[in-house]
Amino acid sequence: MKLTVPPMILNAFGFSPQAKISSLGSGHIHQTLLVEGDRKFVLQRINKNVFTKPEVIARNNRLAAAYLSAHHPEYLFPTTLPDRNGNELVYAEDGFPWRVYPLIENTLTVDFVTSSAQAFEAAKGFGLLTRNLHGIDSSTFEPTLDRFHDLQWRYEQFESALANATPTLIKQAEGEIKRAKEFQFLVHQYNDLIAGGSLLIRITHNDTKINNILFDKRTGKAACVIDLDTLMPGYFIYDLGDMVRTGVSPVSEEEQDITQISFRKEIYDALVEGYLSQMKDYMSPQELQAVPFAGKMMTYIMALRFLADFLRGNTYYTIHYPEQNLVRARNQLRLLQLLHQHT
Ligand code: GN1
Ligand code: MG
């Protein structure tokens, strides 16, 4: 989608109306632009329909940044640049907030995990974030999205989408609905884990796709973690799980040919090792036991979310063809089957 930046936004952040602006990245939610003038910046329009509390995002990030600069000053944590009046968020006339980050030079993002070394590095990067935030008072953070990775709630949302869906959509998604229901036992396992108090509440990233890591162009090492909108209290299974979900298969959640989906054991092992290389010493025996549950839980949650969105008539995720959310759900259910067999 073509997006023009309101002149008042360019002006607030001190960008020239002639600055070169192009689109950046592959997120589903916000619009992210690269602004090139004498220096390079990342300009982002926050999707306020999804993140209804942008101020909470900014506040959580400030808390984390302050803690990190006091306790881990060497750690690179991206923070926004204020506008001319010191605002981190600048609201356009349509009510949508914009923000600016400095572009972190000499880094690149990758959309697919292509080697174990890369998987290890990415997982280490996400592990290090939570490790460095260990000790911060997580009760001072607020959720930016309520119950974001609460599997029980996502299952209920799926059920309510199903109850309200048109017969045509239900017919079309018959196979996926059946398979989604077959994995409901994961919801019970999730509830038992949480109710049993086995998992510590930490500050987690909650969107740990590999493309949310900036890799150093020269060394290939993880330089820093980006997309910090869901930096909030959570369990380690959310972060490790989403890494597994997005890294283990050689094809992405968009792949329509599900025979292409496979379980790459060497990648799985590297993700777990990379994450534990940072976090192991901070984890309880119960948490270590929950490691194999992580990938299944997060893959299931995305299958439910895509399927519910399809049944609702695609109100949440950007789609480029009508069945895209159904395809994504089918893809994730296949991956879930494989994770269930292998982990
Ligand atoms: C969304 O925008 P993006 O691609 O970073 C979603 C994640 C999903 C992901 C699936 C706020 O993230 O939870 O895992 O799509 N973010 C939100 O591709 O819903
Ligand atoms: Mg992203």
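Ligands are counted one by one from 1 in listed order, and the atoms in each one are counted from 1 as well.
- When only interatomic distances are considered, the shortest N/O to N/O separation between Arg305 and ligand 1 falls below 3.5 Å.
- The distance between the ring centers of Tyr268 and Phe263 falls below 6.0 angstrom.
- Near Arg245, meaning under 4.0 Å from one of its heavy atoms, ligand 1 places the atoms 10 (C), 14 (O).
- Geometrically, ligand 1 and His149 share no nitrogen or oxygen pair separated by less than 3.5 Å.
- Between His72 and Phe77, the distance separating the two ring centers is not shorter than 6.0 angstrom.
- Backbone and side-chain nitrogen or oxygen atoms of Glu253 are examined, and one is located within less than 3.5 angstrom of a nitrogen or oxygen of ligand 1.
- When only interatomic distances are considered, the shortest N/O to N/O separation between Met302 and ligand 1 does not fall below 3.5 Å.
- With ring centers used as reference points, Phe183 lies under 6.0 Å from His340.
- Between Tyr155 and Phe158, the angle of the ring planes goes over 60°, which puts this pair in the perpendicular group of the 30/60° scheme.
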For a side-chain hydrogen bond (donor to acceptor under 3.5 Å, both in side chains) check, start with the C-alpha distance between Asp309 and Asn314, then their side-chain angles and the critical distance, and finish with the verdict.
CA-CA 5 Å; Asp309 201 34; Asn314 309 306; over 6 Å; no

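- Below 4.0 Å from some heavy atom of Phe51 lie the following atoms of ligand 1, by number and element: 11 (C).
- Atom CZ of Arg39 has 12 or fewer heavy atoms from other residues, nucleotides or ligands within 6.0 Å.
- Applying the 4.0 Å criterion to heavy atoms of Leu145 picks out, from ligand 1, the atoms 11 (C).
- Taking every non-hydrogen atom of Asp227 and a distance limit under 4.0 Å, the qualifying atoms of ligand 1 come out as 5 (O).
- The atoms of ligand 1 that sit less than 4.0 Å from any heavy atom of Tyr316 are 11 (C), 17 (C), 19 (O).
- Contacts between Asn206 and ligand 1, counted as non-hydrogen atom pairs separated by less than 4.0 Å, are absent for every part of the residue.
- Residue Asn211 places every heavy atom at 4.0 Å or more from ligand 1.
- Taking the six-membered ring where the residue is Trp, the centroids of Phe15 and Phe41 are separated by under 6.0 Å.
- A ring-centre distance under 6.0 Å is not found for Tyr190 and His149.
- For ligand 1, the atoms closer than 4.0 angstrom to any heavy atom of Tyr317 are 15 (O).
- Ligand 1 does not have Arg328 within reach: every non-hydrogen atom of the residue lies 4.0 Å or more from it.
- Polar contact check, Lys209 against ligand 1: a nitrogen or oxygen pair lies under 3.5 Å apart.
- Between Leu231 and the options Leu129, Thr130, Val225, a side chain to side chain contact (heavy atoms under 4.5 Å, CB included) holds for only Leu129.
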